[in-house]
Each structure stands twice: as C-alpha cells, then as structure tokens.
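Please see the structure below; I have some questions.
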Amino acid sequence: MDLIRFLAAFAVLASHFRGAFFVDYASLPVHQQTLPIFCFFSITRLGHEAVLIFFILSGFLVGGKSIERILNKKFRPLDYSIDRIVRIMLPLISSLLLFIPVCLWGDFPIYPKVWIGNLFSLQGIACAPVFETLWSLSYEVWFYILMCAVGYSILYKGTLKGYIGLITLIISLSVFTKLESYYLFIWFIGAFGYLLIPNKSRILKYGAMIFSLIFLIILQLSSGGSKMLISISPNFVHILEIIFCSVFCIFMVQSIQNIPSTRFSKKLNRIGTRLAAFSYTLYLTHIPVRDILVRLGAPKSQELTISSVGLYILWLSIALSIAYCIYWIFERNTSKVKIFIKSRITHKNINSNYNLQ
C-alpha cells in the first residue's frame with residue numbers, strides 16, 4: 001500500500017511536468033506520433049486517476065478505520081481531529097511557503113483572502129485554489145470533517161455534543177452540493193473496502209488487477225490528451241471511473257493481505273515505506289517547483305529526443321529532491337507535533353498508536 005501511495009504521487013508529478021515541459025501529443029511532428037511515444041504520453045497522463053487512487057487510499061486508511069471505531073465505540077473525536085489537522089497542515093504550510101517566492105518572482109498577485117481560504121480548505125467552495133493540486137485538498141479535509149461529524153452524532157446522541165455533530169454533518173453534506181459529491185462516493189468505496197475485506201483470493205486479486213488495467217486504458221483512450229480515440233460522454237466517464245475505483249480497491253485490498261516473505265518482496269516493501277513517507281509533500285510541492293523551473297527558463301520541448309527526455313528526468317529528480325528536503329523539515333515531524341499537542345491539551349503524554357497515517 002505504501003508503494004501504491006508513492007506511485008500515485010509520482011504519477012501526478014510526472015503528469016504535471018510532462019504537460020509543462022512537452023507539447024501535447026497532437027502537436028508533435030507527424031513522424032513522432034508513433035505507438036511508443038503515444039504510450040509515453042498516456043502513462044504520463046495518469047494524474048487524474050492517481051488522485052482517485054489517493055481518495056481510495058484515504059477512504060481505506062481514514063474512513064474505514066474511523067467507521068470501525070465508531071461502531072465499536074472507540075472513536076475519539078479530539079484525537080482524530082488533532083491527527084487530521086496536523087497531518088494536513090504541516091505539508092500544506094510548507095507548500096504555500098515554497099509558492100511565495102514563485103509569486104514574488106513571477107509577479108503573481110497574492111490575495112490574502114484566497115490564501116486564508118486555502119488554509120481553511122475553502123478552495124472550490126468560497127475561493128480558488130492557490131495552485132492546481134490544492135483543489136483535491138479541500139475534498140480531503142471535508143471528508144475528514146464529515147466523518148468526525150458522524151462520530152460525534154452517533155457517540156453523543158441526544159446530548160449537546162451530539163447536536164453539534166449533527167449540525168456539522170449537515171454543513172459537511174451541504175458543502176458537497178458545492179463540491180463534486182461524486183468524489184465523496186469514491187472515498188466511501190475505499191472505506192467500505194476496509195470494512196468488507198474479502199478473503200484472500202488469487203483469482204480475485206489478478207482478476208481485479210486485469211480489470212483495473214482495462215478500465216484505465218479505456219479512460220486513457222477517451223481522454224483529450226490521447227486525441228480521444230474513444231468518444232465517451234462525461235457522465236459515462238464518471239461511471240467508468242467508479243468501476244475502475246471499485247475494482248482497483250479490490251485489487252489493493254487483496255494485495256495488502258500478502259505478507260512479504262521473499263527477500264525481494266521485503267526489500268520492495270521497505271523501499272515503498274520510505275518513498276511513501278514524503279509522498280504527500282511531493283504531491284503538494286511539485287507545482288511550485290515546476291513553476292520555479294519554468295521561471296528559470298526550463299524549455300517546453302517540441303519533440304521527444306534524448307536531450308529532452310534527459311531534461312525531463314532531471315526536472316523530476318529536482319522535484320523529488322526538494323520534496324524530500326522539505327519533508328525532512330515538516331512532514332517528518334508529524335508524529336512529534338501530534339504528541340506535543342495532545343500532551344499539552346491533556347497535560348499528559350499520550351501514546352500515539354492511535355494515529356491514523
């Protein structure tokens with residue numbers, strides 16, 4: 001699962017950087033519009049599908065665990081709120097700080113109301129996102145708020161806290177009349193994947209993997225970046241994405257039941273854990289890094305050559321390196337900040353085993 005989380009973040013990075021440093025496939029010279037190059041452009045256009053996978057992972061890790069705790073009456077709203085706020089805010093603040101030089105250097109206006117709105121996850125509701133990737137963050141935060149409201153409403157039913165939870169739940173649901181409620185459905189796919197884990201099955205695992213790839217290919221062929229080789233209405237695309245998310249969730253749930261046993265699988269699992277540690281920071285910081293590179297004069301290549309692909313790999317490496325450095329300062333200290341806040345609030349040290357990662 002850790003490796004999936006990193007690959008999803010890397011897919012978003014690769015997609016945004018390919019769009020910034022290469023022309024569209026249709027704008028390439030005719031002699032370069034070949035199957036291998038088409039595959040390269042399709043693989044580096046997986047940003048949207050990667051965000052869907054992020055929502056599934058979040059629903060699985062946060063939504064599913066929270067529902068389970070609510071049902072077992074072990075849900076602790078204060079701990080949950082601290083965990084979620086710290087988890088969101090440390091990488092968010094680091095990415096906004098990184099974007100300030102971009103704005104100053106590029107003469108982009110800084111609107112305080114918009115930036116404050118983004119800090120409170122109101123982008124898409126009351127303001128625009130400061131930069132592209134922040135659109136999904138408001139969804140993530142309101143997923144969390146909705147789940148906390150559900151917990152409050154059930155655990156404190158008939159009390160003042162219960163009514164506060166119910167009011168918050170109504171507000172959260174109202175927010176999704178402004179946002180795309182379709183993404184909330186995808187988040188709950190991940191949550192139910194956690195609650196309804198089927199028994200380990202090789203047939204189910206590989207069947208779900210094959211169908212995930214099939215629907216992913218269909219989505220790619222129907223995208224504008226792929227010259228729309230398959231024409232599909234936007235409403236039907238949503239249906240295809242829901243099916244893709246459902247079968248991918250089955251594949252993911254089946255995969256995590258395989259405990260690494262071989263030397264290779266154990267090493268791969270360790271690598272995945274290390275890479276996943278800074279995946280959220282990578283997701284948020286790569287846009288400011290991209291804009292800085294563009295401002296420094298990084299070219300937009302008109303065709304694929306050894307030098308243009310080499311530059312693309314270099315830009316990706318720079319984004320990864322900067323994200324890791326920022327992670328070391330901010331996100332890496334998430335657990336410490338959670339423990340510090342909880343100890344201050346409760347006046348005692350609290351074991352952090354409850355933390356949802």
Side-chain angles (χ1 to χ4, degrees), residues 3-57 95 131-136 209 212-230 232 237 240-241 244-245 248 251 271-272 275-276 278-294 296-324:
L3 187 58
I4 292 174
R5 186 166 58 174
F6 171 76
L7 290 176
F10 185 80
V12 176
L13 162 67
S15 178
H16 284 143
F17 273 46
R18 198 266 294 158
F21 301 118
F22 287 102
V23 296
D24 293 336
Y25 178 78
S27 301
L28 290 172
V30 177
H31 71 274
Q32 285 216 326
Q33 294 184 22
T34 60
L35 181 59
I37 293 179
F38 175 81
C39 291
F40 168 76
F41 271 73
S42 294
I43 291 171
T44 54
R45 200 219 62 86
L46 294 173
H48 179 68
E49 289 77 12
V51 173
L52 297 182
I53 290 173
F54 270 129
F55 287 157
I56 294 171
L57 287 167
S95 65
F131 51 84
E132 294 100 304
T133 50
L134 293 186
W135 75 267
S136 63
M209 181 184 70
S212 295
L213 290 173
I214 289 172
F215 282 102
L216 190 61
I217 291 171
I218 293 173
L219 288 170
Q220 290 302 298
L221 295 179
S222 64
S223 71
S226 297
K227 298 178 68 174
M228 295 191 70
L229 299 181
I230 299 177
I232 300 176
V237 168
L240 289 176
E241 288 178 348
F244 163 72
C245 290
F248 182 85
F251 165 69
I271 292 173
L275 292 175
F278 75 105
S279 60
Y280 181 32
T281 298
L282 176 64
Y283 178 76
L284 290 181
T285 59
H286 75 272
I287 293 296
V289 172
R290 179 203 66 184
D291 291 348
I292 290 172
L293 288 172
V294 170
L296 286 171
K300 191 179 183 95
S301 300
Q302 303 297 313
E303 57 183 338
L304 263 74
T305 62
I306 294 176
S307 60
S308 65
V309 173
L311 281 174
Y312 177 66
I313 294 172
L314 175 62
W315 307 147
L316 292 176
S317 301
I318 290 173
L320 287 165
S321 300
I322 291 175
Y324 188 75

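The figures that follow rest on heavy atoms only: side chains count, while hydrogens, waters and symmetry mates do not.
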Under 3.5 Å, which donor-acceptor pairs do the side chains of residues 282-293 form with other protein atoms, sequence neighbours left out?
| residue | atom | partner | partner atom | Å |
| --- | --- | --- | --- | --- |
| Tyr283 | OH | Thr133 | O | 3.4 |
| Tyr283 | OH | Ser136 | OG | 2.5 |
| Thr285 | OG1 | Thr281 | O | 2.7 |
| His286 | ND1 | Leu282 | O | 3.0 |
| His286 | ND1 | Tyr283 | O | 2.9 |
| His286 | NE2 | His16 | ND1 | 2.8 |
| Arg290 | NH1 | Glu132 | OE2 | 2.9 |
| Arg290 | NH2 | Glu132 | OE1 | 3.3 |
| Arg290 | NH2 | Glu132 | OE2 | 2.9 |

Do you know the tightest heavy-atom contact between Gly19 and Lys300?
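Minimum heavy-atom separation between Gly19 and Lys300: O-NZ, 2.7 Å.
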With sequence neighbours excluded, residues passing side-chain hydrogen bond (donor to acceptor under 3.5 Å, both in side chains) with Ser301:
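Partners of Ser301 under the side-chain hydrogen bond (donor to acceptor under 3.5 Å, both in side chains) test: none.
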Measure the spacing between CG of Leu46 and CD of Gln220 and express it to the nearest 0.5 Å.
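Leu46 atom CG to Gln220 atom CD measures 4.5 Å (nearest 0.5 Å).
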Nearest-0.5 Å distance, CD1 of residue Ile56 to CZ of residue Phe251
12.0 Å
Measure the acute angle between the ring planes of Phe278 and Phe6, then classify it against the limits of 30° and 60° as parallel, tilted or perpendicular.
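Judged by the thresholds at 30° and 60°, the geometry between Phe278 and Phe6 is tilted.
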Could you go through the ring-ring contact (aromatic ring centres under 6.0 Å, His included) check for Tyr312 and Phe17 one step at a time?
CA-CA 8 Å; Tyr312 177 66; Phe17 273 46; 7.3 Å; no
CZ-CG distance between Arg18 and Leu13, expressed to the nearest 0.5 angstrom:
12.5 Å
Please name all residues satisfying salt bridge (Lys or Arg N to Asp or Glu O under 4.0 Å) with Glu303, sequence neighbours left out, ordered by chain then number.
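Applying salt bridge (Lys or Arg N to Asp or Glu O under 4.0 Å) to Glu303 gives none.
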Identify, with sequence neighbours excluded, every residue that meets side-chain hydrogen bond (donor to acceptor under 3.5 Å, both in side chains) alongside Ser307.
Thr305
Of all residues at least two apart in sequence or in a different chain, which pass the ring-ring contact (aromatic ring centres under 6.0 Å, His included) check with Phe131?
Phe99
Heavy-atom closest contact (Arg5 atom, Ser279 atom, distance):
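Here Arg5 and Ser279 meet closest at CG-OG, 3.5 Å.
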Where Ile4 and Phe248 come nearest, the two heavy atoms and their spacing
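Between these two residues, the closest heavy atoms are CG2-CZ, 3.9 Å.
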Set of side-chain contact (heavy atoms from CB on, under 4.5 Å) partners for Leu304, sequence neighbours left out
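Per chain and number, Leu304 pairs via side-chain contact (heavy atoms from CB on, under 4.5 Å) with Phe22, Leu28, Gln32, Ile37, Phe40, Phe41, Val309.
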Cut-off 3.5 Å, no hydrogens considered: what does the side-chain donor-acceptor table look like for residues 313-322, sequence neighbours left out?
| residue | atom | partner | partner atom | Å |
| --- | --- | --- | --- | --- |
| Ser317 | OG | Ile313 | O | 2.8 |
| Ser321 | OG | Ser317 | O | 2.8 |

Using a 6.0 Å cut-off, check whether atom CD1 of Ile306 has over 12 heavy atoms from anything other than its own residue.
no
By side-chain hydrogen bond (donor to acceptor under 3.5 Å, both in side chains), which residues pair with Tyr280, not counting sequence neighbours?
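So Tyr280 forms no side-chain hydrogen bond (donor to acceptor under 3.5 Å, both in side chains) with any residue.
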Audit row: Phe244, Leu219, side chain to side chain contact (heavy atoms under 4.5 Å, CB included) steps and yes/no:
CA-CA 9 Å; Phe244 163 72; Leu219 288 170; 4.3 Å; yes
Decide yes or no on side chain to side chain contact (heavy atoms under 4.5 Å, CB included) for Val12 and Val51, but give the supporting numbers first.
CA-CA 8 Å; Val12 176; Val51 173; 4.2 Å; yes
